[in-house]
Peer 1: 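Below is a structure I'd like to ask you about.
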Amino acid sequence: MKLPDSVGLDAAALTTIGAIAMQGLRQSEARFGETLAVIGAGLVGVLTIQLAKAAGCRVIAIDLDPGRVERAVKFGADLGLVSSDSRTPLAIKEFTDYGPDTVIITAATHSTEPIELAAAIARDRGRIVVVGDVGLGVSRPNVYLKELSISLSRSYGPGRYDAYYEEGGIDYPIGYVRWTEKRNMEAFLQFLAARSINLAPLIEKRYPVEQADTAYAAIRESGSYTALIDYAVPEAAATSASVPAPQRQKRSPGEFKVGCIGAGGFARNIIFPALRNRKGVSLESVATASGIAAQSACKSFGFTKAQTPGDLLQDAETDGVFILSRHDSHSRYVVAALTNHKAVFVEKPLAVTQDQLEEIRCAYQAAKEQGHAPFLMVGFNRRFAPMTEKLREFFAKRQEPMMINVRVNAGYLPLDHWTQRQEDGGRIIGEFCHFVDWARAVVNKPVQTVTAHALPDGSRYNRDNVTATLSFSDGSIANLVYVANGDKSVPKEYFEVFCEGGAGIINDFCTLELRRDGKTVSTKSRRDKGHNREIELTINAMRNGGPSPIPFEDLVEVTKACFAVHQSISVGQSVWLKENAPRLPAEATYSDGAS
């Protein structure tokens, strides 16, 4: 939300905490003229007190610390009491006659004492709202005999912990949800603009970012409400709509300039270091959904400039584009890159729907028809792992079909994790695709049919306990097992290949065993899943105008095979990949849904 002109950055820094206090007050359903008791006079507590006073309520402040009780009264509480004082219940009775209409708990303790105190002092049929992290065990008599209502306040308001709201930007209609996380924050800023609450006494100490450890120690040791950390941004930059990029560095002639869209954990931990370490590669530009994240990437990895994705894709200075953003954005960035005749690398998956894949295919074909040599590579790194390459060499002269078993102990992800979202393709499209591609690379023949099954999801899973059998044009078979219901102590990835009296076993890309005629060749190394080799081959091909390390037709085939996994689970039968299928009876089922 936009900061009102009359609100300074110091006060605005408390907006998030203020929204927590505001949501707790809303949950209390406090009305004009009612009496509230606030148990816990820390930062959230005193903000709650000021908001309640602004709403026309009488407020009692209760805390273990007499000093905080005294300060709470200065912040506007009508009565301040120490919770350990035996006279506190009587003082509340005298002040209210009936007891508080609502008790809001903003304390933090594992003890159940705050909620027991709330139940003891609340009026008949009163309300208790738990904002702080306190023990929730409460004895029955007071709650039952008074018929009290107890509710919890979840952070800043509706929308919190909802990925569709917080990350997808899907708002709740105001006619149905009046106060959301964003609207609570806006309301708090409006209170600050109207000077209905006073934060000046709360803003006590300021430290340069270099002394951040001292700032935290000050809060812990002195009991201060806040400590501001000053990043020393010049005033002009702080109020500007855009942050100037670092000064352009001098580049050597002939350097290959790379632009990256996305700067998440995978990009920062794997791709950026691999690109930076490639000789002759210049990190030209970076684009993210957050300008701050792009500026951070500039500073940490030496990108020359931060841009929007649209500007980056059209930038004449950029030779190659690496797309490292969320899965649902991949296809549109790939299409734009191909349209602008950029060599493009995209992290898996290539697309999350058939329509997206078709758009990419059309853009690729259009570039070819215009006389360009389109370059498209997908981050299927496992086929480039050193152990995979040794295994492929071991079976290079085979004349018979292969039998492959792959087991992936992927681990549990909650249903609200972004990778589980339908628009991001789920885990079959988003990660299982790695192992479809690995099998495709080892067999080196087209996939013909896909047969898949999944365990019932219940309320815990989302098609992430899956087995899929791929049959290939040469008769090879790959059985892929992907589970989210296993134990973390089991290595994540295990591969077995059997063919012509030989066997190859890769255990989590740490060990490789190649066996034939009773002899075993073993290899042990640090886990290497092929990222560096993948980047090396990709950059070399981009620079030299060579073909993609994975042919475009194979990328499309693997993506369609993953769609076929979903389809096979849904229809309960095998699915043929149409372009690889022999002539079949009319009732055969294809991966595009046609019969």
Peer 1: So does Glu496 get a backbone contact from the side chain of Asn405, meaning a donor-acceptor N/O pair under 3.5 Å?
Peer 2: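 Judged by distance alone, no pair lies under 3.5 Å.
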Peer 1: Any side-chain heavy atom of Ser325 sitting closer than 4.5 Å to one from His330?
Peer 2: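 Yes; the side chains approach each other to less than 4.5 Å.
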Peer 1: Could you tell me if Thr180 and Tyr165 have a donor-acceptor pair between their side chains, going purely by distance under 3.5 Å?
Peer 2: yes
Peer 1: Are any of the side-chain nitrogens in Lys390 or Glu393 under 4.0 Å away from the carboxylate oxygens of its partner?
Peer 2: no
Peer 1: Hey, what's the ring geometry for Phe432 with Tyr482, parallel, tilted or perpendicular (30° and 60° as the breaks)?
Peer 2: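 Perpendicular.
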Peer 1: Just wondering, do Leu43 and Leu14 contact through their side chains at under 4.5 Å, heavy atoms?
Peer 2: yes
Peer 1: List the residues meeting side chain to side chain contact (heavy atoms under 4.5 Å, CB included) with Ile170, not counting sequence neighbours, and say none if there are none.
Peer 2: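 For Ile170 the side chain to side chain contact (heavy atoms under 4.5 Å, CB included) partners, ignoring immediate neighbours, are Tyr164.
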Peer 1: Using the side chain to side chain donor-acceptor pair (under 3.5 Å) criterion, which residues pair with Gln307? Sequence neighbours excluded.
Peer 2: Ser285, Asp315
Peer 1: Taking the side chain as C-beta and beyond, is there a heavy-atom pair between Phe495 and Val406 under 4.5 Å?
Peer 2: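 Result yes, sub-4.5 Å side-chain heavy-atom pair found.
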Peer 1: Check whether any side-chain heavy atom of Val258 lies under 4.5 Å from a side-chain heavy atom of Ile539, and answer yes or no.
Peer 2: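 In contact.
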Peer 1: Using atom types as modelled and distance alone, determine if a side-chain donor or acceptor of Thr388 lies under 3.5 Å from a backbone N or O of Phe384.
Peer 2: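 No, the answer is negative, given that no donor and acceptor are paired below the 3.5 Å cut-off.
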Peer 1: Test the Arg460-Tyr412 pair against the cation-pi criterion, namely NZ or CZ under 6.0 angstrom from the six-membered ring centroid and within 45° of the ring axis.
Peer 2: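 Judged by the rule (NZ or CZ under 6.0 Å from the ring centre, within 45° of its axis), Arg460 counts as positioned above Tyr412.
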Peer 1: Given Ser331 and Ile360, is the side chain to side chain contact (heavy atoms under 4.5 Å, CB included) satisfied, shown in steps?
Peer 2: CA-CA 7 Å; Ser331 64; Ile360 292 171; 3.9 Å; yes
Peer 1: Check the side chains of Asp487 and Ser489 for a donor-acceptor pair under 3.5 angstrom, ignoring hydrogens and angles.
Peer 2: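 There is such a pair (donor and acceptor under 3.5 Å, judged by atom type) between the side chains of Ser489 and Asp487.
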